[in-house]
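Okay, structure first, notes after.
Sequential numbering from 1 along the given sequence is applied to the chain's residues. Not measured: the values here are computed from a predicted model.
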Amino acid sequence: MAHFCLTTALTQNMPCWIEDDQDFKPENWRWDVNNKSPEVQLSSCQLAAYFHVDPVDSSIGTAGVRGTKGFTTGEHYWEVIFLEPPHGTSVMVGVGTKKALLHLGNYQYINLLGRDEESWGLSYKGTTWHNGKYQRYTEPFYDQTTVIGVHLNLYNGTLTYYRNGKSLGVAFRGINRGEELYPIICSTAAETEMELGMRSCRFNSLQEKCCFTIMQAMKGKQAVDKLPLPTVIKSRLKEQY
C-alpha cells in the first residue's frame, strides 16, 4: 500500500450515455479528511482511501469516509475503484446525510451504510441496504479493479449503480429529502483500498447551470461575497456549490 496520489491506470468503463452527454461536467470533490473514521487514511490527493491499516489491530470495527461535497439538486455520477479485492463482513459504496455514521469501534462489524434512515448503500455481496433493511440487488463482486459507478438523480430521487460501465438498475427511489447527500464508502476489512475515479454532474435549469459555472471559476466560497450578485444568489452559491 502506498499513501500517495495514485494516477489510475485503469480504463474506467464510463456509461456511454454519460460519456456522450456534453451536459455532464467534471466535478472535483474528494474524500474529506475532516469527516472520516480514524481507521481510514487518505492519500495526499484525497482520492484513495485505505481502511484498517494498523499493523497491530488489523480491524476493530467498521470505518467510513464521506466526500467533501454534498448534493441537494442535479444529477451526479462518480466511480469507486476497488484497488484490492473486497472481502470480510462488509465493504460498501453509497450516499448519506450529514447524520450518517462513519465509525463503529469495539469490534462491531456491520453494514454501516443503510443501518438507519440516514444512508443508502450497496454491499460487495450484492445486497442494498437502507433503514436497517436489505434486499438482493445484484451478483456479488470480488474482483480487484472492479469499478462501481453511482448515479444519483436528485430530480427524480433515484440512486442507480453501475458495475464496470453496465447499469444494475435503480437501487433506491424517493431519496430526495431536501437534505445534502454525500458520497460515502465504508469497510470492515483490513487493508481495503478504494479510489475515486471520474466525477461529473448535470443540471437541468439555466439558474443551476449558471451557479455551477460560477463556482467552477471561483477560488473558494469566500470569493463569492465580492461578486455583484443579489444576496440570495450568493447564499445559494455558498450553500449548494
Side-chain angles (χ1 to χ4, degrees), residues 8 12-32 35-36 45-49 64-81 92-100 102 113-114 118-122 128-130 137 147-186 194-218 221 236-241:
T8 304
Q12 297 174 25
N13 298 306
M14 188 192 311
C16 293
W17 66 272
I18 291 180
E19 188 174 14
D20 296 337
D21 192 331
Q22 295 183 357
D23 285 338
F24 268 90
K25 305 300 182 184
E27 290 197 288
N28 296 312
W29 59 267
R30 300 164 185 265
W31 297 126
D32 194 341
N35 287 284
K36 68 178 184 64
C45 62
Q46 298 171 235
L47 294 180
V65 58
R66 80 183 192 201
T68 55
K69 185 175 182 180
F71 312 121
T72 58
T73 188
E75 289 185 67
H76 304 268
Y77 178 84
W78 63 93
E79 293 177 338
V80 175
I81 304 157
M92 305 187 79
V93 178
V95 300
T97 70
K98 285 185 176 180
K99 299 176 185 176
L102 297 176
L113 287 176
E118 301 299 334
S119 58
W120 298 256
L122 168 65
T128 53
W129 288 77
H130 175 61
Y137 174 65
V147 178
I148 297 298
V150 185
H151 179 210
L152 177 64
N153 187 334
L154 291 171
Y155 293 119
N156 60 23
T158 59
L159 181 65
T160 301
Y161 289 99
Y162 289 74
R163 179 177 176 178
N164 298 329
K166 296 182 179 180
S167 175
L168 300 176
V170 174
F172 300 103
R173 300 182 186 276
I175 67 172
N176 191 348
R177 306 191 307 184
E179 299 179 77
E180 286 184 315
L181 293 178
Y182 293 82
I184 301 177
I185 52 176
C186 64
M194 290 183 274
E195 182 180 11
L196 271 175
M198 66 91 65
R199 288 139 285 155
S200 62
C201 63
R202 175 172 66 180
F203 297 100
N204 286 346
S205 74
L206 179 59
Q207 184 183 67
E208 289 174 325
K209 291 178 181 179
C210 290
C211 287
F212 178 76
T213 301
I214 290 171
M215 289 308 298
Q216 290 292 88
M218 301 301 294
K221 293 185 178 182
R236 178 172 181 177
L237 285 170
K238 290 190 285 187
E239 290 175 2
Q240 298 189 6
Y241 300 94

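Here CD of Glu79 is found 11.0 Å from CD of Glu195. Values are rounded to the nearest 0.5 Å. In this structure, CD in Gln46 is found 10.0 Å from NZ in Lys36, a value given to the nearest 0.5 Å. With rounding to the nearest 0.5 angstrom, the CG atom of Leu181 is 9.5 Å from the NE2 atom of His76. Going from atom CG of Asn28 over to atom NZ of Lys69 covers 8.5 Å, rounded to the nearest 0.5 Å. Rounded to the nearest 0.5 Å, atoms CZ (Arg66) and CG (Asp32) are 6.5 Å apart. Atom NZ in Lys25 sits 12.0 Å away from atom CZ in Phe203 (nearest 0.5 Å).
In this structure Ser200 satisfies the side-chain hydrogen bond (donor to acceptor under 3.5 Å, both in side chains) test with no other residue, sequence neighbours excluded. Not counting sequence neighbours, the partners of Asn153 by the side-chain contact (heavy atoms from CB on, under 4.5 Å) test are Glu75, His151, Tyr155, Asn156, Thr158. The side-chain contact (heavy atoms from CB on, under 4.5 Å) check on Ala49 picks up Trp31, Val40, Leu42, Phe51, Val65, Ile185, with sequence neighbours excluded. Residues satisfying the side-chain hydrogen bond (donor to acceptor under 3.5 Å, both in side chains) test with Asn176, not counting sequence neighbours, are none.
In plain terms, the two heavy atoms of Ser119 and Ala100 that are nearest each other are CB-CB, 4.1 Å. Counting all heavy atoms, side chain and backbone alike, Tyr161 lies closest to Gly94 at OH-CA, 3.4 Å. For the residue pair Thr160 and Ser167, the shortest heavy atom distance occurs at CG2-OG, 3.8 Å.
Between Trp78 and Leu196, some side-chain heavy-atom pair lies under the 4.5 Å cut-off. Looking only at side-chain heavy atoms (C-beta outward), Leu102 and Ile184 come within less than 4.5 Å of each other. Phe71 has its side chain out of reach of Tyr182: every pair of non-hydrogen atoms, C-beta onward, lies at least 4.5 Å apart. Residues Leu113 and Trp120 fail the side-chain proximity criterion, which asks for heavy atoms closer than 4.5 Å. For the pair Trp29/Pro183, a side-chain contact is recorded, criterion being any heavy-atom separation below 4.5 Å from C-beta on. In this structure, Ile175 and Leu152 have side chains that are in contact, with non-hydrogen atoms separated by less than 4.5 Å. Residues Phe172 and Thr128 form a side-chain contact, since some pair of their non-hydrogen atoms from C-beta on lies under 4.5 Å apart. For the pair Arg199 and Arg30, the minimum side-chain heavy-atom distance is below 4.5 Å.
Thr97 and Glu179 are not linked by any side-chain donor-acceptor pair at a separation below 3.5 angstrom, with hydrogens and angles left out of the test.
Annotation: cation-pi pair Arg202/Phe24 absent, no NZ/CZ under 6.0 Å from the ring centroid and within 45° of its normal.
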